[in-house]
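Working notes, structure below.
Read the numbers this way: they start at 1 and go in the same order the structure lists the ligands and their atoms.
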Amino acid sequence: MNNDYATALFEAINDSAVLLDKTGRIVDWNQNATALFGYTKKEVIGRSLNLVYTQNYPFPRIIQEVLPLQKKWSEETFFVRKNGGKGICKTNVTLINDPQLNKPLALITHQLISTYKDEVAAMQISLEKKENETLEHRDALYFSHSMAIKNLIALEQAEKNLRESELRFHLLAENSTDIISRHTTDGIYIYLSVSCKTWLGYTPEELIGFNIFKLVHHDDLEKVKKAFNRRKSNDNHHSVTFRMRRKEGDYRWFENSLRLIRDEEKGYIKEIQSASRDVTERILDKKARLRGQQLAHVFRLSTMEEMASGMAHEISQPLAAIVNYTRGCVRYLEKGQDPSQLTEIMQKTVAQAERAGEVIHRLKNFFCKGQLLKTICAINSVIRETASFIRSELNASKTKIDFELTKDLPLISVDKIQLQQVILNLMQNAIEAMKETAHRDRRIHIQTKPADHNRIEITVSDTGPGFSKEIINKVFKPFFTTKAHGRGMGLAICRSIIEAHGGEFTINPNTNSHSWIRFTLPLV
Ligand SMILES: Nc1ncnc2c1ncn2[C@@H]1O[C@H](COP(=O)(O)OP(=O)(O)OP(=O)(O)O)[C@@H](O)[C@H]1O
Ligand SMILES: [Mg+2]
């Protein structure tokens with residue numbers, strides 16, 4: 001048995017109790033067993049239980065063949081203590097399934113009956129001898145006889161109750177739709193109900209021994225640690241809502257009701273139990289309810305909060321470029337180089353600042369009136385110009401960019417700033433996705449070509465891990481992100497912009513480790 005709760009129960013059984021594996025070897029041995037048989041746990045682990053009996057019992061067969069059919073095997077057995085003393089006890093064998101080890105174990109309990117038997121025998125002799133003695137004597141005998149039987153029944157009942165209480169916990173946990181879990185005070189999982197597979201994608205076995213803090217979203221970690229560490233508070237129940245990373249890599253919101261289990265005598269916290277419920281929809285509803293369908297157009301972003309989030313995202317890019325350019329200027333000046341050389345870089349800085357201003361202006365217009373400010377453009381030059389905005393980021397992350405741009409494509413009518421935002425978002429995502437890829441393999445590929453007689457198509461791919469099938473349906477949901485600091489708005493905005501232009505935006509999931517994003521735009 002490898003968890004505190006079960007070990008405590010095992011030790012709490014009033015009988016001597018022994019756990020056998022299916023080959024009949026001893027895997028655990030409680031203190032009452034030591035008291036009854038005189039062997040310490042260390043002396044018997046791995047040995048056959050027949051060590052303590054005067055005859056050999058076929059335990060492997062009893063465990064593997066008899067118990068699965070008739071649940072319980074009982075026998076009056078003769079035992080020999082380590083010091084040679086002998087006795088009789090009632091041996092009960094039952095099958096239990098340890099949920100963590102996931103293999104059957106046999107629980108053996110021994111109820112000492114030799115004393116009781118001796119007593120009865122002694123009394124019977126005295127009865128024979130003093131058959132004619134007073135009725136009081138006989139009453140006393142019957143009384144002690146019935147007391148002994150009552151004690152035996154009470155013992156059996158206590159054992160049954162303990163086993164039932166453990167079973168009840170597991171039954172409740174296993175049938176709950178919430179994730180029921182038990183943790184050490186440091187947050188390590190010691191038990192999880194099967195429903196964790198549904199909500200987190202992990203099986204209980206994958207998480208046991210693992211720390212819950214590793215799944216918690218970076219921004220929520222502090223409050224979760226605080227909730228687990230409320231040693232001083234008298235309140236043993238509290239709830240905390242936080243994001244956890246699922247096996248697929250995305251985060252979901254969970255409302256967790258935590259219960260601190262204290263040691264009854266000393267009051268310290270022994271373990272923490274938790275019931276967790278997925279409340280993602282409720283939270284997102286609260287934070288970002290979208291009118292009608294999910295973000296079919298950017299102007300559907302309905303609240304100020306969402307609008308601010310979208311704007312912050314788009315403005316952060318020119319701002320980052322301004323910071324980079326300005327740092328470059330400072331370095332240049334620090335080296336005492338000719339300041340007139342700075343004109344070009346300062347002009348670029350101004351251009352970025354103007355771009356940020358334009359983004360605000362355009363987004364404001366777009367949100368308020370849902371209008372696009374279209375101009376006639378050549379897609380290839382829009383792409384090349386946009387790539388130059390993040391040249392420094394491409395260099396810093398050692399990312400190469402390949403263009404496969406079809407010459408002389410027909411012109412398109414687009415809101416250039418918004419189209420640039422789409423391309424920037426896609427390049428930004430590609431850079432982030434390739435962070436784990438080896439340096440020489442970091443490559444973004446951008447292709448343009450005619451799709452049919454009235455549309456062109458633009459395909460962006462990278463050499464990162466690609467989109468797995470599991471997340472492909474979620475990436476357009478606002479606030480869906482697998483990144484610790486992502487806002488989960490980029491792709492939602494991209495698709496909205498393209499659809500607002502009458503185009504289509506599609507993602508090909510990761511097949512043969514090559515995924516791509518493609519969008520079409522109508523010709524003028
Ligand atoms: N090129 C890519 N390769 C692999 N996965 C990607 C790629 N682009 C996006 N993703 C996945 O799609 C998710 C959503 O992307 P999206 O751009 O909408 O949000 P984000 O990048 O997480 O945050 P932000 O709003 O800051 O851009 C990402 O978290 C990531 O898991
Ligand atoms: Mg992004």
>> Please list all pairs meeting salt bridge (charged side-chain N to carboxylate O under 4.0 Å, His left out) that have one or both residues in residues 391-412, counting only residues at least two apart or in different chains.
In response: D402-R443
> Would one find an N or O of A433, backbone or side chain, under 3.5 Å from an N or O of ligand 1?
Replying inline: no
> What's the shortest distance from atom 22 (O) of ligand 1 to any protein heavy atom, and which residue and atom give it?
Replying inline: T481 OG1, 2.5 Å
> Is there a nitrogen or oxygen of G486 sitting under 3.5 Å from a nitrogen or oxygen of ligand 1?
Replying inline: no
> Would you say F467 and ligand 1 have an N/O pair spaced under 3.5 Å apart?
Replying inline: no
>> Below the 3.5 angstrom mark, is there an N/O of T482, backbone or side chain, next to an N/O of ligand 1?
In response: yes
>> Check this for me: does any side-chain nitrogen of one of R246 and D250 sit under 4.0 Å from a carboxylate oxygen of the other?
In response: yes
>> If we check salt bridge (charged side-chain N to carboxylate O under 4.0 Å, His left out) with D220, which of these qualifies: R243, R245, K225?
In response: R243
>> What protein heavy atom lies closest to atom 21 (O) of ligand 1? Include the residue and the distance to one decimal.
In response: K483 NZ, 2.6 Å
> Which atoms of ligand 1 sit under 4.0 Å from any heavy atom of F480?
Replying inline: 14 (C)
>> Counting non-hydrogen protein atoms only, what is the nearest one to atom 24 (P) of ligand 1? Give residue, atom name and distance.
In response: H313 NE2, 3.4 Å
> For atom CD of Q447, is the number of surrounding heavy atoms from other residues, nucleotides or ligands below 6.0 Å larger than 12?
Replying inline: yes
> Looking at G466, which atoms of ligand 1 are within less than 4.0 Å of one of its heavy atoms?
Replying inline: 4 (C)
> Got more than 12 heavy atoms from elsewhere within 6.0 Å of NZ, K348?
Replying inline: no
> How far is atom 26 (O) of ligand 1 from its nearest protein heavy atom, and which residue and atom is that?
Replying inline: R487 N, 3.2 Å
>> Tell me whether R455 at atom CZ has more than 12 heavy atoms from other residues, nucleotides or ligands lying less than 6.0 Å away.
In response: yes
> Tell me, which protein residue and heavy-atom name are nearest atom 9 (C) of ligand 1, and how many Å apart are they?
Replying inline: N429 ND2, 3.4 Å
> Can a non-hydrogen atom of G464 be found less than 4.0 Å from any atom of ligand 1?
Replying inline: no
>> Quick check with a 6.0 Å cut-off and a 45 degree axis cone: is K223 positioned over the face of F242's six-membered ring?
In response: no
>> When you measure from the side chain of T448 to the backbone of N380, do you find a donor-acceptor pair of N or O atoms at a distance under 3.5 Å?
In response: no
> So Y251 and H217, would you call those rings parallel, tilted or perpendicular, with 30° and 60° as cut-offs?
Replying inline: perpendicular
> Just wondering, are more than 12 heavy atoms of other shown residues or ligands nearer than 6.0 Å to CD in E248?
Replying inline: yes
>> Less than 2.8 Å away from the Mg ion (ligand 2), how many protein N/O/S atoms can be counted, ignoring water?
In response: 1
>> So is N425 touching ligand 1 or not, going by heavy atoms under 4.0 Å?
In response: no
>> Just to confirm my output: which protein heavy-atom neighbour is closest to atom 1 (N) of ligand 1, and how far is it?
In response: D462 OD2, 2.9 Å
> Can you tell me which residue and heavy atom of the protein come closest to atom 25 (O) of ligand 1, and the distance to 0.1 Å?
Replying inline: M489 N, 2.7 Å
> Are side-chain heavy atoms of F505 and C494 found at a separation under 4.5 Å?
Replying inline: yes
>> Under 6.0 Å between ring centres: does that hold for Y202 and F210?
In response: no
> To which protein heavy atom is atom 18 (O) of ligand 1 closest, and what is the distance rounded to 0.1 Å?
Replying inline: L491 N, 2.8 Å
>> Within a 6.0 Å radius of atom CD on Q341, are there more than 12 heavy atoms belonging to other residues, nucleotides or ligands?
In response: yes
>> Considering G249, C494, G488, P465 one by one, which has a heavy atom nearer to atom 19 (O) of ligand 1 than any of the others?
In response: G488
> Which of these passes side chain to side chain contact (heavy atoms under 4.5 Å, CB included) with T399: T437, D462, L394?
Replying inline: L394
